[in-house]
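What follows is a short report on a single structure.
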Amino acid sequence: MKRNSAAIKLIARENLSGRYGTPMAALLLMFLCSLLPSMLITSTMSTATVLGIVTTQLLNYMVSLLVAVVGAGYAKLMLNISRGEAFAVKDLFFAFSHHPDRFIVVHLILLVIQFIFALPFDLPGYMNKDMSDNAFLLLMLFGSLTNLAVNMILGLFFGLADYLLLDNTDMSAMEAMRESLRLMKGNKGRLLCMDLSFIPLMLLSLLSCYVGFLWLTPYMRAAGAVFYMDVTGELDAPRPKPAPQENDSYNHSYWTGQ
């Protein structure tokens with residue numbers, strides 16, 4: 001049964017009820033994993049030369065790929081919550097121990113596509129030192145809007161790839177992308193409607209000086225996990241719960257969210 005965005009968001013809220021602590025803590029850790037390397041690159045690299053600009057961009061791309069692997073771990077955390085399974089902040093690093101190269105390949109391909117579309121907006125800023133402030137700001141605005149549109153479109157086609165790789169450790173990156181394309185046939189409109197429905201909450205989060213994103217991001221990612229489970233039919237035919245392992249380190253502390 002295909003559920004609309006309202007039904008998916010309702011399930012996501014119910015899954016997160018009383019469990020926001022761990023996703024919020026994991027989100028802050030993921031933010032630090034992105035912020036600290038970026039600050040280090042910015043403070044140590046010079047952008048006064050073409051070589052410096054290229055090196056800085058390459059380093060930032062490398063950081064973004066590593067953060068993407070951590071982001072896949074966040075998807076694992078939200079899947080565990082949505083499935084009623086044990087979850088913990090350490091789920092952030094799940095992908096690193098399950099063939100992380102697959103996640104890197106997927107996001108490298110997406111990064112290359114984003115780079116191609118962003119290049120027309122980045123090059124004039126780098127090459128034209130005499131560009132006025134207004135022209136530069138306008139260029140940045142169009143570049144940001146284009147990047148946002150490209151990311152949204154890519155998500156409509158390949159947004160399920162990480163989930164597929166998490167659930168299928170023997171699946172390759174290209175297989176996951178092809179399977180995501182197949183699963184998204186006839187479902188792009190539903191995902192787009194769900195993504196657009198979060199815009200008012202995003203605006204409110206911006207007005208709260210970004211503090212609201214601590215609540216909104218887990219909500220959005222939980223909805224994404226529920227959408228994946230709906231598309232694959234898991235919501236109507238739940239997977240059998242895995243048997244508990246003797247060395248399972250999950251406990252009933254704050255960090256496990258139980």
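Just so you know, these numbers use all the heavy atoms, side chains as well, and skip hydrogens, waters and symmetry mates.
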Path from [X] to [Y] over hydrophobic side-chain contacts below 4.5 Å:
X: Leu59; Y: Leu66; value: no
X: Leu65; Y: Val67; value: no
X: Leu216; Y: Val211; value: no
X: Leu141; Y: Leu148; value: no
X: Phe117; Y: Met177; value: yes

Could you check if a side-chain atom of [X] sits within less than 4.5 angstrom of a side-chain atom of [Y], using non-hydrogen atoms only?
X: Ile109; Y: Met174; result: yes
X: Thr56; Y: Asn60; result: yes
X: Leu79; Y: Tyr228; result: yes
X: Leu192; Y: Met152; result: yes
X: Asn4; Y: Cys193; result: no
X: Phe157; Y: Lys188; result: yes
X: Leu207; Y: Leu203; result: no
X: Val105; Y: Leu108; result: no

Please round to the nearest 0.5 Å and tell me the distance separating atom [atom1] of [X] and atom [atom2] of [Y].
X: Ser82; Y: Leu77; atom1: OG; atom2: CG; result: 9.0 Å
X: Arg83; Y: Asp167; atom1: CZ; atom2: CG; result: 4.0 Å
X: Phe93; Y: Lys76; atom1: CZ; atom2: NZ; result: 15.5 Å
X: Met62; Y: Leu111; atom1: CE; atom2: CG; result: 12.0 Å
X: Ile81; Y: Arg19; atom1: CD1; atom2: CZ; result: 7.5 Å
X: Leu40; Y: Met45; atom1: CG; atom2: CE; result: 10.0 Å

Restricting to non-hydrogen atoms, name the atom on [X] and the atom on [Y] that form the minimum distance, rounded to 0.1 Å.
X: Ala26; Y: Leu92; answer: O-CD1, 3.4 Å
X: Leu165; Y: Ser172; answer: CD2-O, 3.6 Å
X: Ala25; Y: Val89; answer: CB-CG2, 4.2 Å
X: Ala75; Y: Tyr163; answer: CB-CE2, 3.8 Å
X: Ala72; Y: Leu166; answer: O-CD1, 3.4 Å
X: Ala222; Y: Leu16; answer: CB-CD1, 3.6 Å

_Residue pair Phe213, Leu27: steps toward the side-chain contact (heavy atoms from CB on, under 4.5 Å) verdict_ = CA-CA 10 Å; Phe213 283 104; Leu27 181 63; 5.7 Å; no
*Without hydrogens or angle criteria, can the side chains of Gln114 and Asn151 be said to hold a donor-acceptor pair below 3.5 Å?*
yes
_Leu214 vs Leu28, test: side-chain contact (heavy atoms from CB on, under 4.5 Å). Steps then yes/no._
CA-CA 8 Å; Leu214 270 176; Leu28 287 173; 3.7 Å; yes
For [Y], does its backbone N or O pair with a side-chain atom of [X] as donor and acceptor, under 3.5 Å?
X: Arg190; Y: Lys2; value: no
X: Asp230; Y: Val226; value: no
X: Ser180; Y: Ala176; value: no
X: Tyr74; Y: Pro23; value: yes
X: Ser197; Y: Met194; value: yes

*For Phe96, does the CZ atom sit with more than 12 other heavy atoms under 6.0 Å from it, leaving out its own atoms?*
yes
*Side-chain ion pair, Arg3 and Asp236, N-O less than 4.0 Å*: yes
*For side-chain contact (heavy atoms from CB on, under 4.5 Å), just list the numbers for Leu183 and Leu164, CA-CA rounded to whole Å, side-chain angles, deciding distance to a tenth of an Å, and then say yes or no.*
CA-CA 10 Å; Leu183 290 173; Leu164 291 165; 4.0 Å; yes
*Determine, stepwise, if the pair His107 / Phe103 fulfils ring pair (Phe, Tyr, Trp, His ring centres under 6.0 Å).*
CA-CA 6 Å; His107 288 278; Phe103 299 91; 7.7 Å; no
*Do the ring planes of Tyr219 and Trp215 sit parallel (below 30°), tilted (30 to 60°) or perpendicular (above 60°)?*
tilted
